[in-house]
Each structure stands twice: as structure tokens, then as C-alpha cells.
Amino acid sequence: MSKNISKKKNIVYTVLFALLIILLLVIRFPKTVDTIKVDYNSENLNFVVEENVQTTNDLKLSYDQGKGYSYYNKTKKTDVFNDMLPKSATNETALFEVYERGNKEYPTNLNTINIGLKKLKLTIPNIDGNFELSKISFFNGAKEVASISAKELQSIVTPTNAKMELDGDMLKFTDIKQDAYIEISTSFNSIYHKELSHFGIPNVFLIVLVVIIYFFVCHRKRLYKIFEEMK
């Protein structure tokens, strides 16, 4: 009787572990991002020089990790603004290094396993003339891990306080007013999610861990016997 119960348990465990392995083969974990590059075309940005590097305050990226772009941190008892200004900028490119609390003294990463990303917002510069956006690229160190083109952006964003149209390979913004921006969804199955998720080391680690647990739960006696014979 006890052997039959043990066999039935092993069958149930085997099915559960097999389903878990399949899930880990299908699931995609986010790629870590520490730098974001925005490619555009604009002749009217206002530039400043900080630490001998040209940058601008006309462009801004903001991110929401579940609490909003700004919120009150009860632990630190302070307001948090997850805004980022470019580390460097030209008339064609702005480079953002990711930091938290709106303070460049606190560099961080987006899309870590324990801290996801809910929304990403790009503030459109309130300037005379047009602003044309061609691509947003995401980096981990010096490696580009993903990019979203103007055409892809056009299908997923709706501008606020500006008009937008696709003009060739550029996303053109006109009639730009104060506080104009686009908001990029990072939800499951979005373009962002597809581009910035992959089968990687976390999948392999968890699959190996599940296999080890499975053999320990269902076949530990057999494994113990093998180890004894090897002595």
C-alpha cells in the first residue's frame, strides 16, 4: 500500500516539475538597463555645459516602477522624483544614465529581476519648430540590448500636449506645448516587453535548481544508493 502511495506521489511531483520546467522555458526575464539613448533631430535645443560636457535640460526621461513617477518614500521620509536628465546631448542624440530619486549621485538599473518597470515617459522639449524622434535604444554597459524605432513608437504611444505623425523614419512632433510628453507602456506583451525580455541566465539557473529539487524529492534514495556504491 505504502509503495503505491509513494508511486502516485512521485507521478504527481513529476507532472508538477515538468510543468514548471516548461514554464521556465517559456517565460522571459527582462534585460537589465543602465543607459538609454534617444536619437532625434532638433536645431533648437538649449544647451548647457556641466563638468565640461554639453547637455540639455529640454529633454527628460521619467520612469515608474509601480509607485508612480513621483511618490513619498515613507522609509526615507522624503519625496522621490524618478526623473533623469541627459548626461550628454547634441542636436541629434541624448544619452541618459539611469539614476534614482532624481539624483545623479544614486546610479541604478532598470528591469532588475526584483524591480520591474511599469511605464517610461519622455518629455518632449517645448521649443520653437519641430522635434523629430527616430529611435530609443537601451544599453547594459556598452552593449545595446534593445531598441524601439519611430515606426514602433508610433503604434504604441499617444502624445500629450503635442501633435504627432510618422514622417519616413522619423516621428515628427508639432504644435508642442508646455508639459508635452509620450508615455511608453512596458506591460506584458507590449513592444517594450518583447524587445527587452529574453531567455537568459535566470532561466538556466532556475531550471537547474528545479531539476536538483526534483531529484532530491523523488529520487533521493536512488541517488543515495548510487553515492554509496561509488565509495
Side-chain angles (χ1 to χ4, degrees), residues 33 35-50 53-71 79-104 110-111 116-139 144 146-196:
V33 172
T35 306
I36 301 173
K37 186 176 73 168
V38 180
D39 292 326
Y40 51 82
N41 182 23
S42 177
E43 299 294 334
N44 299 307
L45 290 181
N46 299 301
F47 294 104
V48 295
V49 176
E50 295 181 358
V53 177
Q54 177 180 276
T55 185
T56 181
N57 295 327
D58 290 342
L59 284 166
K60 182 176 69 175
L61 277 175
S62 306
Y63 59 90
D64 173 14
Q65 294 180 304
K67 297 180 180 179
Y69 297 113
S70 62
Y71 60 93
D79 289 320
V80 175
F81 301 89
N82 284 332
D83 297 333
M84 300 178 293
L85 294 173
K87 179 182 179 182
S88 62
T90 67
N91 282 323
E92 297 178 343
T93 299
L95 193 65
F96 295 82
E97 289 189 347
V98 181
Y99 53 87
E100 61 181 340
R101 289 180 265 169
N103 191 328
K104 296 179 181 179
L110 299 178
N111 288 346
L117 182 64
K118 303 301 180 183
K119 288 182 289 186
L120 186 68
K121 181 169 72 174
L122 172 65
T123 298
I124 305 300
N126 184 18
I127 56 176
D128 294 331
N130 302 331
F131 178 77
E132 297 178 334
L133 180 64
S134 62
K135 184 172 64 172
I136 299 179
S137 305
F138 302 86
F139 292 81
E144 180 179 319
S147 67
I148 303 178
S149 68
K151 187 175 182 179
E152 290 172 318
L153 285 169
Q154 190 255 351
S155 67
I156 62 174
V157 302
T158 300
T160 298
N161 295 330
K163 294 179 181 179
M164 181 185 78
E165 64 176 343
L166 187 65
D167 185 6
D169 295 330
M170 307 292 284
L171 200 57
K172 181 186 287 187
F173 295 88
T174 58
D175 195 19
I176 302 170
K177 298 180 175 63
Q178 191 172 2
D179 298 325
Y181 65 87
I182 56 172
E183 198 170 57
I184 300 170
S185 171
T186 62
S187 60
F188 177 76
N189 213 32
S190 65
I191 287 177
Y192 178 95
H193 179 266
K194 291 176 181 178
E195 291 290 337
L196 277 98

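Annotation for D83 and S62: closest pair OD1-OG, 2.7 Å, computed over non-hydrogen atoms. Between N41 and M170, the closest heavy-atom pair is CB-CE, 3.7 Å. Summarising the geometry of F131 relative to I124, their closest heavy-atom pair is CD2-CG2, 4.1 Å, with the distance given to 0.1 Å. Minimum interatomic distance between T55 and P86 (heavy atoms only, all atoms of both residues): OG1-O, 2.7 Å. Nearest heavy-atom pair across K87 and V53 is O-CG1, 3.6 Å. The minimum heavy-atom distance linking P125 with L59 is given by the pair CD-CD2, 3.6 Å.
Counting heavy atoms from C-beta outward, F47 and L45 have side chains that approach closer than 4.5 Å. Using a 4.5 Å heavy-atom threshold, the side chains of L171 and M164 count as touching. Under the 4.5 Å side-chain criterion, counting only non-hydrogen atoms from C-beta, V157 is not in contact with L122. For the pair L196 and L110, the minimum side-chain heavy-atom distance is 4.5 Å or more. With contacts defined as side-chain heavy-atom distances shorter than 4.5 Å, the pair Y63/M84 qualifies.
Between E50 and K104 there is a salt bridge, since a side-chain N of the basic residue sits under 4.0 Å from a carboxylate O of the acidic one. Salt bridge status for D179 with K177: absent, with no side-chain N to carboxylate O gap under 4.0 Å.
The 12-atom threshold is not exceeded at CG of D169, counting heavy atoms of other residues, nucleotides or ligands nearer than 6.0 Å.
The closest donor-acceptor contact from the side chain of E144 to the backbone of F139 lies at 3.5 Å or more, if one exists at all. Proximity of a side-chain donor or acceptor of N82 to a complementary backbone N or O of D64 within less than 3.5 Å is not detected. A distance-only check finds a donor-acceptor pair linking the side chain of D58 to the backbone of N46 [under 3.5 Å].
Distance check: T90 OG1 to Y40 OH gives 5.0 Å after rounding to the nearest 0.5 Å. Annotation: the span from D175 atom CG to N130 atom CG amounts to 10.0 Å, rounded to 0.5 Å. I191 CD1 to I156 CD1: the interatomic distance, rounded to the nearest 0.5 Å, is 4.5 Å. Atom CD of Q65 sits about 10.0 Å away from atom OG1 of T186, to the nearest 0.5 Å. Between the OG atom of S147 and the CD1 atom of I36 there is a distance of 12.5 Å, given to the nearest 0.5 Å. Taking OG1 of T123 as the start and CG of N57 as the end, the distance is 11.5 Å to the nearest 0.5 Å.
Note on ring orientation: taking the six-membered ring where Trp is involved, the planes of F138 and Y192 are perpendicular (angle over 60°, cut-offs 30° and 60°).
Side-chain N/O atoms of D39 and T93 include a donor and acceptor closer than 3.5 Å.
Across K118, K119, E183, K121, a single residue satisfies side-chain hydrogen bond (donor to acceptor under 3.5 Å, both in side chains) together with Y69, and that is E183.
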